[in-house]
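Quick notes on the structure that follows.
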Amino acid sequence: WCLTFIAVDLAYYWFHRVSHEVNLFWAGHVFHHSSEEYNLAVALRQTAVGGVLSWIFYMPLALLGITLTQFAACYAINLIYQFWIHTRAVGRLPAWAEAFLNTPSHHPVHHGVNPEYQDRNYAGVFIVWDRWFGTFTPEQQEPVYGLTTPLLSWNPLWAQIHQYVAIARNVRRAESWEERWRFIFGSPSWRPARDGGPVAIPTVTASTFLKFDPAVPSALAYYALVHFVLVLPPTLWLLANVETLSVGALGAGCFYVALTLTNVGGVLEGRRWAIATEQARLVSLGAALIALRLQGAVA
């Protein structure tokens with residue numbers, strides 16, 4: 001069990017590292033880094049699709065004879081451990097812990113957009129992997145959090161797919177198969193020579209970085225809050241009943257949740273399309289409730 005836990009963490013290190021250094025994998029991981037704050041909620045800011053290719057890195061554990069039960073338990077503990085390090089409320093730990101474990105001092109570096117913090121500190125539990133493989137950087141100053149190319153949106157759907165869209169656009173304008181390959185499997189910063197070569201990361205400080213925080217009319221803010229709260233119960237119900245619902249019912253429920261959250265983001269940003277889609281959502285919801293009432297499904 002101890003060896004399994006260590007092996008799972010080593011596999012996670014390489015999956016996490018590739019998720020930053022290969023554009024296709026970065027497209028699935030970028031959502032986790034899109035927050036311009038750093039708190040426990042960021043740990044829950046997880047991709048919907050980024051884990052699809054993670055099996056590649058964990059398959060060797062199965063070939064070594066590690067059972068599914070061992071893997072699942074150790075993977076869960078590994079994931080839970082990483083929750084508490086997403087905080088600025090905890091300072092440096094004792095020297096032995098800082099040398100051996102990933103801590104709330106080491107992990108903020110990983111989320112920093114400062115040039116000196118780029119692609120560093122990939123560890124899950126044991127920071128020794130970064131020390132051994134040359135990707136460790138200690139925290140010297142408070143990082144600036146977010147993306148080097150800011151998302152500038154509250155739209156959760158766009159946050160999930162925007163890097164895939166960027167890859168598709170670059171592949172479409174590529175002039176050779178080599179360029180297409182590099183846009184997909186090269187570094188996220190790679191650009192052809194005609195575009196000036198690799199993207200340079202600008203120097204940034206807390207005083208010069210402008211967070212995405214546009215003014216929102218209070219009425220819109222309250223409207224978005226109410227509908228965000230209202231979509232939580234059906235979301236929890238879907239999660240609790242995912243194994244018993246039909247594919248159609250599950251798909252409809254997921255579509256409704258995704259549409260609501262997307263519309264909330266659009267409303268907060270004052271997008272014109274959000275007015276039409278939100279009206280359509282409310283009309284459809286009202287019609288569905290009336291239909292269910294007539295069928296006796298709701299009181």
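Excluded from the calculations below are hydrogen atoms, water molecules and symmetry mates; all remaining heavy atoms, backbone and side chain alike, are included.
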> For the atom pair CZ (Arg172) and CZ (Arg180), what is the distance rounded to the nearest 0.5 Å?
Replying inline: 12.0 Å

> Once the angle between the rings of Trp181 and Phe185 is folded into 0 to 90°, is it parallel (under 30°), tilted (30 to 60°) or perpendicular (over 60°)?
Replying inline: tilted

>> Looking at every non-hydrogen atom in both residues, tell me the closest pair between Thr4 and Cys74 and how far apart they are.
In response: CG2-SG, 3.7 Å

> Among Asn78, Ile77, Leu79, Ile85, which one satisfies side-chain contact (heavy atoms from CB on, under 4.5 Å) with Tyr81?
Replying inline: Ile85

>> Around atom CZ of Arg272, are there more than 12 heavy atoms from other residues, nucleotides or ligands closer than 6.0 Å?
In response: no

> If you take all heavy atoms of Phe83 and Ala43, which pair is closest and at what distance?
Replying inline: CD1-CB, 3.6 Å

> How long is the gap from CG on Leu93 to CG on Leu101, to the nearest 0.5 Å?
Replying inline: 8.0 Å

>> Looking at Val144, is its backbone amide N or carbonyl O close enough to the side chain of Asn114 to form a donor-acceptor pair, meaning the two atoms are under 3.5 Å apart?
In response: yes

>> Main chain of Pro188, side chain of Arg191: is a donor-acceptor contact present, judged purely on distance under 3.5 Å?
In response: yes

>> For a 4.5 angstrom cut-off between non-hydrogen side-chain atoms, does Phe212 reach Trp154?
In response: yes

> Linking I/L/V/M/F/W/Y whenever any side-chain heavy atoms sit under 4.5 Å apart, do Ile184 and Val22 land together?
Replying inline: yes

>> When you group the ILVMFWY residues by side-chain heavy-atom contacts below 4.5 Å and let the links chain together, are Leu261 and Leu220 in the same group?
In response: no

>> Tell me which pairs pass ring-ring contact (aromatic ring centres under 6.0 Å, His included) where either residue lies in residues 248-289, with sequence neighbours left out.
In response: none

> Should Thr67 and Thr69 be marked as a side-chain hydrogen bond (donor to acceptor under 3.5 Å, both in side chains) after you check the CA-CA gap, both sets of side-chain angles, and the distance that decides it?
Replying inline: CA-CA 5 Å; Thr67 68; Thr69 300; 4.8 Å; no

> Is there a donor in the side chain of Asp9 and an acceptor in the side chain of Trp129, or the other way round, less than 3.5 Å apart?
Replying inline: yes

> Val30 and Ala27: which non-hydrogen atoms are nearest, and at how many Å?
Replying inline: CG1-O, 3.5 Å

>> Just verifying a value: how many Å separate Leu250 CG and Thr244 OG1, rounded to the nearest 0.5 Å?
In response: 9.5 Å

> Run the side-chain hydrogen bond (donor to acceptor under 3.5 Å, both in side chains) check on Thr205 and Ser207 step by step: do they pass?
Replying inline: CA-CA 5 Å; Thr205 64; Ser207 59; 3.0 Å; yes

>> For the backbone of His106 and the side chain of His110, can you confirm whether one donor and one acceptor N or O come within less than 3.5 Å of each other?
In response: no

> Tyr145 versus Pro108: any side-chain heavy-atom pair under 4.5 Å?
Replying inline: yes

> How are the rings of Tyr223 and His227 set to each other: parallel, tilted or perpendicular (split at 30° and 60°)?
Replying inline: tilted

> Given side chains that start at C-beta, do those of Phe100 and Arg131 come closer than 4.5 Å, heavy atoms only?
Replying inline: no

>> According to a hydrophobic-cluster definition based on side-chain heavy atoms being under 4.5 Å apart (Ile, Leu, Val, Met, Phe, Trp, Tyr only), do Phe228 and Val267 belong together?
In response: no

> Do the side chain of Glu269 and the main chain of Asn155 share a donor and acceptor less than 3.5 angstrom apart?
Replying inline: yes

> If you round to the nearest 0.5 Å, how far is NE2 of His33 from NE2 of His111?
Replying inline: 4.5 Å

> Would you say the side chains of Asn170 and Glu179 form a donor-acceptor pair under 3.5 Å?
Replying inline: no

> Looking only at heavy atoms, what is the nearest atom pair of Gly112 and Pro143, with distance?
Replying inline: CA-CB, 3.7 Å

> Can you find a heavy atom in the side chain of Asn102 that is under 4.5 Å from one in the side chain of Gln82?
Replying inline: no

> Can you name the closest pair of heavy atoms from Ser34 and Arg45 and give their distance?
Replying inline: OG-NE, 2.9 Å

> With hydrophobic residues grouped by side-chain heavy-atom distances under 4.5 Å, do Val18 and Tyr164 end up in a single group?
Replying inline: yes

>> Does any part of the side chain of Ile6, heavy atoms only, come nearer than 4.5 Å to the side chain of Leu10, both counted from C-beta?
In response: no

>> Which label fits Phe5 and Phe126: parallel for a plane angle under 30°, tilted from 30 to 60°, or perpendicular past 60°?
In response: perpendicular

>> Just so I know, are the side chains of Pro192 and Phe183 near enough to count as touching, which here means a heavy-atom distance under 4.5 Å?
In response: yes

>> Please verify the inter-ring angle class for His162 with Trp158; under 30° counts as parallel, over 60° as perpendicular, anything in between as tilted.
In response: tilted

> What do you reckon, is CD of Glu142 surrounded by more than 12 foreign heavy atoms closer than 6.0 Å?
Replying inline: yes

>> Is it the case that the side chains of Thr103 and Ser105 hold a donor-acceptor pair, with the cut-off being a distance below 3.5 Å and no angle test?
In response: no

> If you round to the nearest 0.5 Å, how far is OG of Ser19 from CG of Leu24?
Replying inline: 9.5 Å

> Less than 4.0 Å between a side-chain N and a carboxylate O, is that true for Glu278 and Arg281?
Replying inline: yes

> Linking I/L/V/M/F/W/Y whenever any side-chain heavy atoms sit under 4.5 Å apart, do Trp132 and Phe136 land together?
Replying inline: no

> So which heavy atom on Val113 is nearest to which on Val204, and how close?
Replying inline: CG2-CG1, 3.8 Å

> Between Glu37 and Arg88, is the closest basic N to carboxylate O distance under 4.0 Å?
Replying inline: yes

>> Under a 3.5 Å cutoff, is there a donor and acceptor pairing between the side chains of Thr137 and Glu116?
In response: no

>> Treating His32 as the side-chain partner and Val42 as the backbone partner, does any N or O pair qualify as donor plus acceptor under 3.5 Å?
In response: yes

>> A side-chain contact here means heavy atoms from C-beta on lying under 4.5 Å apart; do Gln160 and Thr47 qualify?
In response: yes

> With sequence neighbours left out, what residues match Arg17 under side-chain contact (heavy atoms from CB on, under 4.5 Å)?
Replying inline: Tyr13, Trp14, Glu21, Tyr122, Phe133, Thr135

>> Once rounded to the nearest 0.5 Å, what's the spacing between atom CG of Leu68 and atom CG of Leu61?
In response: 11.5 Å

>> Would you call the rings of Phe15 and Phe57 parallel, tilted or perpendicular, taking 30° and 60° as the class edges?
In response: tilted

> Would you say Leu44 and Leu40 make side-chain contact, with heavy atoms under 4.5 Å?
Replying inline: no

